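Data block below; observations after.
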Amino acid sequence: MDTWRAKLDKALYEKNAFTDVLATVETKTGIKRTYFVAALLVVVALWLVVGYAAAFISSFLGFLYPAYASVKAIESDRKDDDTQWLTYWVVYSAFSLFEFFTDLFLSWFPFYYLAKMLFLGWCMAPIASNGSSFLYSRFIRPFVLKHQKKIDESLDQVGGIAASTLNEAKDLAEQQASEFAAEQVKKSMQSGQAGADSSSHMD
């Protein structure tokens, strides 16, 4: 708990646009930014239960901070943060795929979007054993390694089919363009010949 709170405090006191806003609020109200963020999280949680556009808000929050943190990870020299956020996006993609097929049913549950936000918060938590790390090492990694050969073969087949289809479409387009150009030349020559014949008859 102390480690978690220390990391949270460190994140809230880093120098960025968000913490600058928190610093301004803290100065004007006298309320510590930790308490302000906690109150904000409570408001968001209540909104996800009863508020409008809960689906959009939960998806937006689950994307916004990880996207920002991923940019920071790309620009840093460390490797562990790259691995952390790559793992998050793998889990996020798997979750999005699962949600695509189940959202129609799960969205009827009153606390679904709050549960979704808590799940994504667990996945992006700044601790070693967060949700992304747990789900990746426990489920996704073993599944992918077990079926990796079949997946690669299927992807190669799909890539071959796509390349073949693209080449066929290209050849067909070139053939159609060539036939169209020949037809236009033919019509132009026929029009010119008709004009010449008309002139000769008038003479």
Side-chain angles (χ1 to χ4, degrees), residues 16-17 53-108 112-113 116-117 119-124 130-201:
N16 55 57
F56 169 76
I57 293 173
S58 62
S59 298
F60 180 72
L61 293 176
F63 176 84
L64 182 64
Y65 175 72
Y68 170 71
S70 297
V71 173
K72 289 183 63 178
I74 292 171
E75 297 301 324
S76 73
D77 296 328
R78 295 164 47 206
K79 183 180 180 298
D80 56 340
D81 54 356
D82 295 352
T83 303
Q84 175 190 350
W85 291 110
L86 278 172
T87 304
Y88 173 83
W89 290 117
V90 169
V91 173
Y92 183 86
S93 299
F95 172 74
S96 298
L97 183 63
F98 170 78
E99 188 181 36
F100 177 80
F101 293 103
T102 61
D103 183 64
L104 181 64
F105 307 102
L106 294 178
S107 59
W108 287 96
Y112 170 66
Y113 294 112
K116 175 182 176 180
M117 191 65 252
F119 169 76
L120 293 177
W122 175 51
C123 287
M124 69 178 78
N130 61 17
S132 297
S133 177
F134 172 78
L135 293 172
Y136 177 79
S137 60
R138 188 73 178 270
F139 300 104
I140 297 176
R141 183 175 182 273
F143 176 83
V144 172
L145 292 180
K146 181 179 180 180
H147 302 283
Q148 185 174 4
K149 184 177 180 180
K150 292 182 180 179
I151 294 173
D152 289 341
E153 290 175 353
S154 298
L155 289 175
D156 289 340
Q157 291 177 359
V158 171
I161 294 172
S164 177
T165 303
L166 184 62
N167 289 331
E168 291 178 2
K170 180 182 177 182
D171 293 341
L172 181 61
E174 290 177 349
Q175 181 181 351
Q176 293 293 330
S178 178
E179 292 177 355
F180 177 77
E183 185 68 22
Q184 292 302 311
V185 171
K186 182 178 179 181
K187 287 182 179 180
S188 178
M189 293 178 63
Q190 290 176 345
S191 177
Q193 184 63 39
D197 292 343
S198 176
S199 298
S200 64
H201 285 312

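For the numbers below, each heavy atom of this structure counts, side chains included, while hydrogens, waters and symmetry mates do not. FYI, the numbering just counts along the sequence from 1. Keep in mind that this is a model prediction, so the values were computed, not measured.
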- Message: With a sphere of 6.0 Å drawn around OH of Tyr65, does it hold more than 12 non-hydrogen atoms of other residues, nucleotides or ligands?
- Response: no
- Note on the structure: Contacts of Phe143 meeting side chain to side chain contact (heavy atoms under 4.5 Å, CB included) (sequence neighbours excluded), chain-then-number -> His147
- Message: On a heavy-atom basis, which atom in Gly62 and which in Tyr88 lie closest, and how many Å separate them?
- Response: O-OH, 2.6 Å
- Task: Using atom types as modelled and distance alone, determine if a side-chain donor or acceptor of Ser96 lies under 3.5 Å from a backbone N or O of Tyr92.
- Result: yes
- Any idea which heavy atoms bring Ala73 and Asp82 closest together, and the distance? O-OD1, 2.7 Å
- Task: Determine whether more than 12 heavy atoms belonging to other residues, nucleotides or ligands lie under 6.0 Å from atom OH of Tyr112.
- Result: yes
- Stepwise side-chain contact (heavy atoms from CB on, under 4.5 Å) test for Leu120 and Phe63: CA-CA 9 Å; Leu120 293 177; Phe63 176 84; over 6 Å; no
- Message: To the nearest 0.5 Å, what is the distance between NZ on Lys116 and CG on Leu61?
- Response: 10.0 Å
- Message: Tell me the closest heavy-atom pair linking Thr87 and Ser132, and the distance in Å.
- Response: CG2-O, 3.5 Å
- Query: If every non-hydrogen atom of Met124 is compared with every non-hydrogen atom of Gln84, which pair is closest and at what distance?
  - Reply: O-NE2, 4.4 Å
- Can you check whether Lys72 reaches Tyr68 side chain to side chain, under 4.5 Å on heavy atoms? yes
- Message: I need the minimum non-hydrogen distance between Trp122 and Leu135, along with the two atoms involved.
- Response: CZ3-CD1, 4.3 Å
- Item | Atom pair OG1/CG of Thr102 and Leu97 - distance to nearest 0.5 Å | 9.5 Å
- Message: Would you compute the distance between atom OG of Ser133 and atom CZ of Arg141 and round it to the nearest 0.5 angstrom?
- Response: 11.0 Å
- Separation between CZ of Phe134 and SG of Cys123, rounded to the nearest 0.5 Å: 10.5 Å
- Atom CG in Asp171, atom OG in Ser178: separation rounded to 0.5 Å? 12.0 Å
- Message: Would you compute the distance between atom NZ of Lys150 and atom CG of Asp152 and round it to the nearest 0.5 angstrom?
- Response: 13.0 Å
